[in-house]
There are 2 protein chains.
Amino acid sequence: MAVTIKDIAEKVGVSVTTISRVLNNRGYLSDDLKKKVHEAMEEMNYQPNELARSLSRKKSNVIGLIIPDISHPFFGQITKHIEYYAYKHGYKLMLCNSLLNKKKEKEYIDLLRASQVDGIIMGSHTMSVKEYTSIKLPLVTLDRQISKSIPCISSDNYSGGVLATKLLLSKKCRKIAYLSGNLRLNLLAKQRHDAFIEQVSGKDVGFVVKQTDLNGFKYKEYENLVRELFEEHPDIDGVFASSDILALQVIKECRRLGKAVPEHVKVVGYDGIQIGGTDDLSTVEQPVKKMGELAVKYLLRQIAGEDMPLETILPVKLLEKGTT
Amino acid sequence: MAVTIKDIAEKVGVSVTTISRVLNNRGYLSDDLKKKVHEAMEEMNYQPNELARSLSRKKSNVIGLIIPDISHPFFGQITKHIEYYAYKHGYKLMLCNSLLNKKKEKEYIDLLRASQVDGIIMGSHTMSVKEYTSIKLPLVTLDRQISKSIPCISSDNYSGGVLATKLLLSKKCRKIAYLSGNLRLNLLAKQRHDAFIEQVSGKDVGFVVKQTDLNGFKYKEYENLVRELFEEHPDIDGVFASSDILALQVIKECRRLGKAVPEHVKVVGYDGIQIGGTDDLSTVEQPVKKMGELAVKYLLRQIAGEDMPLETILPVKLLEKGTT
DNA sequence: TTGAAAGCGCTAACAA
DNA sequence: TTGTTAGCGCTTTCAA
């Protein structure tokens with residue numbers, strides 16, 4: 001059996017309360033006593049039981065993170081930053097991959113609640129608004145606005161859409177495609193689409209929109225999507241892909257078809273993930289780090305009962321590189 | 001205050017013991033009673049407190065996962081599979097990103113122990129062997145052999161190295177480079193290097209080895225590494241990169257230098273991550289899914305007190321694609 | 001088939 | 001400055 005606060009108390013010859021006090025550095029304690037207690041802890045290799053502490057305090061210092069797929073670079077990166085800030089503030093992270101599966105997402109929410117997490121960061125969204133508002137737990141959503149009453153951290157998808165489209169227009173593209181992967185992945189991404197439509201409408205350019213709304217992230221599907229695009233519209237000379245991963249597929253397909261990028265086809269991606277191979281890609285960069293930081297920050301504020309902005313829209317940045 | 005087992009007990013008019021029994025489906029219970037209890041739970045929206053259960057049972061059903069960097073695609077993918085299997089078996093995942101920082105890794109191990117996790121999957125390794133063997137918690141390491149006494153799941157790095165090198169040799173490369181990123185990232189990856197050396201030695205081909213042992217994953221560093229390689233050895237016509245990410249950098253640099261791939265330079269990567277852009281890359285595929293599955297499986301066995309193989313080396317597969 | 005009661009390890013009012 | 005004591009919400013012997 002592991003050594004407990006009681007063992008330390010006996011060893012030092014004081015009450016458990018006192019040990020608890022030095023553990024939490026609360027109340028008045030003589031330096032001498034503190035030292036003795038710490039020595040005893042050291043000696044007996046004591047580790048406080050966080051479960052017991054959490055139960056008693058009614059605070060676990062754990063936050064749940066629900067995302068669609070940790071293996072997707074965008075979520076991988078944002079998770080990295082979320083973990084960083086959470087750790088910095090003494091919080092642990094419980095990772096939940098929903099795979100955009102409604103049942104699993106729901107089960108995870110219950111599981112997180114049962115596990116007494118102090119709050120949840122939601123980067124997945126498959127359920128109805130009502131279900132979310134009934135979660136009754138500090139909550140912050142990432143890049144998807146569920147309801148006006150739930151704080152949401154996102155980047156400026158609309159501007160991003162404008163920037164990307166304008167870039168292609170300024171490069172004299174004559175027929176532009178908007179390509180998007182799984183829509184449910186990111187509802188706010190719809191704004192990119194809207195921005196695209198607004199920008200190309202009424203101008204003397206052709207345009208096509210192609211999206212897939214498949215479940216999960218099948219890169220194979222992306223490949224088909226791109227292939228179809230060029231088969232149906234061989235005269236495309238500009239592509240706005242709603243993720244860098246998708247943009248890479250486009251570039252690959254162009255290579256296969258012998259279309260030079262950017263000479264014949266200009267490509268602009270979205271996300272700004274810094275994975276090898278994307279660094280020459282023109283793209284709209286989302287402030288992943290800031291998004292992760294604020295998600296944690298606002299969640300912690302909410303946990304602390306303080307208030308925070310309900311809507312945070314961070315600026316995006318156009319990175320013009322070699323593919324346009 | 002949330003509703004507890006006690007509230008349910010009062011409502012149904014039985015003792016908490018009985019409620020606990022139906023919760024765990026243990027002992028003799030009349031169907032009628034079960035039904036009434038479940039109804040009451042439903043009605044009062046009862047959620048068992050996992051913290052209390054864990055404390056009492058001395059089992060948390062949480063496993064800790066320590067990896068260097070979740071944003072690295074290889075770890076992102078393996079984490080995805082680990083989460084999948086863990087969830088399937090009723091375990092939650094606590095995500096710990098060590099960033100290859102020794103202090104953080106150590107703190108996380110203590111934190112995990114304090115949090116009473118049932119076991120740890122270690123994909124990061126910065127401390128000394130002694131420190132690991134003193135963890136005294138069910139442990140499985142991923143792709144890095146720490147000690148003979150700690151179960152390790154890895155893929156066959158040696159064979160992978162042989163396969164990749166042989167591929168380049170069979171394609172008549174005259175001067176081959178072995179390129180590796182952070183060594184500490186994966187100590188077993190050294191075997192790829194060894195295999196490379198063995199294969200090229202004594203043959204009529206030139207070879208260079210270039211590695212960086214920097215901390216963290218700076219893609220910028222990768223870029224420099226690759227650039228240097230070609231500056232110092234412009235006559236390189238084959239590259240074995242120890243990760244797909246690195247291989248993508250090589251391909252990009254070749255494009256920049258006007259060297260055609262695979263005509264002038266043949267490139268083979270490692271990992272087999274299916275990120276857009278890598279699907280035309282010749283590479284050695286690691287069985288990520290199987291690795292994640294076995295890591296969880298063997299950890300759970302250990303937790304259950306059963307035994308499991310101490311060394312598991314899974315086969316890798318050469319994927320010959322367009323870059324060789 | 002059910003209940004009483006003693007924990008699990010720690011916290012926190014209240015008292016001293 | 002320190003201790004007593006009653007929980008936190010659940011599990012689990014032991015007894016009925």
Side-chain angles (χ1 to χ4, degrees), chain A residues 1-38 40-41 44-62 90 92 110-118 137, chain B residues 1-38 40-41 44-62 90 110-118:
Chain A
M1 183 92 74
V3 15
T4 76
I5 213 180
K6 202 173 153 197
D7 302 316
I8 306 288
E10 277 168 10
K11 169 132 188 165
V12 182
V14 292
S15 75
V16 291
T17 314
T18 305
I19 306 299
S20 172
R21 283 214 185 84
V22 355
L23 210 52
N24 298 289
N25 208 15
R26 231 193 288 285
Y28 320 96
L29 304 158
S30 73
D31 285 355
D32 183 52
L33 189 134
K34 273 195 208 173
K35 202 173 137 225
K36 269 206 290 209
V37 171
H38 280 129
M41 285 176 171
M44 304 184 72
N45 204 350
Y46 170 75
Q47 294 266 155
N49 183 326
E50 286 296 331
L51 246 39
R53 298 181 107 175
S54 300
L55 179 62
S56 177
R57 288 192 184 133
K58 296 180 160 305
K59 179 150 188 337
S60 64
N61 274 45
V62 173
K92 288 150 279 173
D110 286 341
L111 202 54
L112 288 177
R113 196 207 321 278
S115 302
Q116 312 299 116
V117 300
D118 294 334
L137 216 54
Chain B
M1 184 91 77
V3 14
T4 75
I5 212 179
K6 204 175 151 194
D7 302 315
I8 306 288
E10 278 168 10
K11 170 130 186 166
V12 181
V14 292
S15 74
V16 292
T17 314
T18 306
I19 306 298
S20 172
R21 282 213 186 85
V22 355
L23 210 52
N24 299 287
N25 207 15
R26 230 193 288 285
Y28 319 95
L29 305 158
S30 72
D31 285 354
D32 183 51
L33 189 134
K34 275 196 206 171
K35 201 173 138 225
K36 270 206 289 208
V37 171
H38 281 128
M41 286 176 171
M44 304 184 75
N45 205 349
Y46 168 76
Q47 294 266 155
N49 182 325
E50 285 297 330
L51 248 37
R53 298 182 107 175
S54 301
L55 179 61
S56 177
R57 290 192 184 134
K58 299 180 159 303
K59 178 145 188 341
S60 64
N61 274 47
V62 173
D110 286 342
L111 201 55
L112 288 177
R113 197 206 319 277
S115 301
Q116 313 299 117
V117 299
D118 294 335

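Lettering of chains follows the sequences in order, A, B, ..., and the numbering in each one begins at 1. Fair warning: this is a prediction, and the values are worked out from it, not measured in the lab. Quick note: numbers below take in every heavy atom, side chains included, and nothing from hydrogens, waters or symmetry partners.
Expressed to the nearest 0.5 Å, how far CE of Met44(B) lies from OG1 of Thr4(B) amounts to 8.5 Å. Summarising the geometry, atom OH belonging to Tyr46(A) is positioned 5.0 Å from atom CG belonging to Leu23(A); distances are rounded to the nearest 0.5 Å.
Contact between the side-chain N/O atoms of Lys58(A) and the OP1/OP2 oxygens of dG7(D) is not found at any separation under 4.0 Å.
Taking atom CG of Asp31(A) as the reference point, atom P of dT2(D) lies 11 Å away to the nearest angstrom. Rounded to whole Å, atom P of dG7(C) lies 17 Å from atom CG of Leu55(A). Atom pair Met41(B):CE and dC10(D):C1' shows a separation of 11 Å (rounding to whole Å applied). Atom-to-atom, CG of Leu33(A) to C1' of dG3(D) comes out at 12 Å; the value is rounded to the nearest Å. Protein atom CG of Asn25(A) is 13 Å distant from nucleotide atom P of dT1(D), rounded to whole Å. Per the geometry, NZ belonging to Lys36(A) stands 13 Å off C1' belonging to dT2(D), to the nearest Å. Look at NZ on Lys34(A): it is 12 Å from C1' on dT1(D), rounded to the nearest Å. dG9(C) atom C1' lies 14 Å from atom CG of Asn49(B), rounded to whole Å.
Between Asp110(A) and Gln47(B), the shortest heavy-atom distance links the atoms O-NE2, 3.3 Å.
Residues satisfying the side-chain contact (heavy atoms from CB on, under 4.5 Å) test with Val16(B), not counting sequence neighbours, are Ile5(B), Lys6(B), Ala9(B). The side-chain hydrogen bond (donor to acceptor under 3.5 Å, both in side chains) check on Ser15(B) picks up Thr18(B), with sequence neighbours excluded. Looking at residues two or more places apart in sequence or on another chain, you find a side-chain contact (heavy atoms from CB on, under 4.5 Å) between Asn49(A) and Leu51(A), Ala52(A), Leu55(B), Gln116(B). Asp32(B) pairs by the side-chain contact (heavy atoms from CB on, under 4.5 Å) definition with Ser30(B), Lys36(B), not counting sequence neighbours. Scored by the side-chain contact (heavy atoms from CB on, under 4.5 Å) test, Arg57(A) finds Asn24(A), Arg53(A), Lys59(A) as partners (sequence neighbours excluded).
Residue pairs that meet the salt bridge (charged side-chain N to carboxylate O under 4.0 Å, His left out) test with at least one member in residues 11-26 of chain B, sequence neighbours left out, are Lys11(B)-Glu43(B).
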### Task
Indicate for each nucleotide in nucleotides 11-16 of chain C, in 5' to 3' sequence, whether protein heavy atoms under 4.0 Å reach the base (B), only the sugar-phosphate (S), or nothing (-).
BBBB--
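Nearest nucleotide to the Thr4(B) side chain, out of dT2(D), dG3(C), dG9(D): dG9(D). For Val14(B), the listed nucleotide lying nearest its side chain is dG3(C); candidates were dG3(C), dC10(D), dC10(C).
Note on the helix from dT1(C)-dA16(D) to dA16(C)-dT1(D): angle between the axes of the first and last five pairs equals 40°, rounded to 10 degrees.
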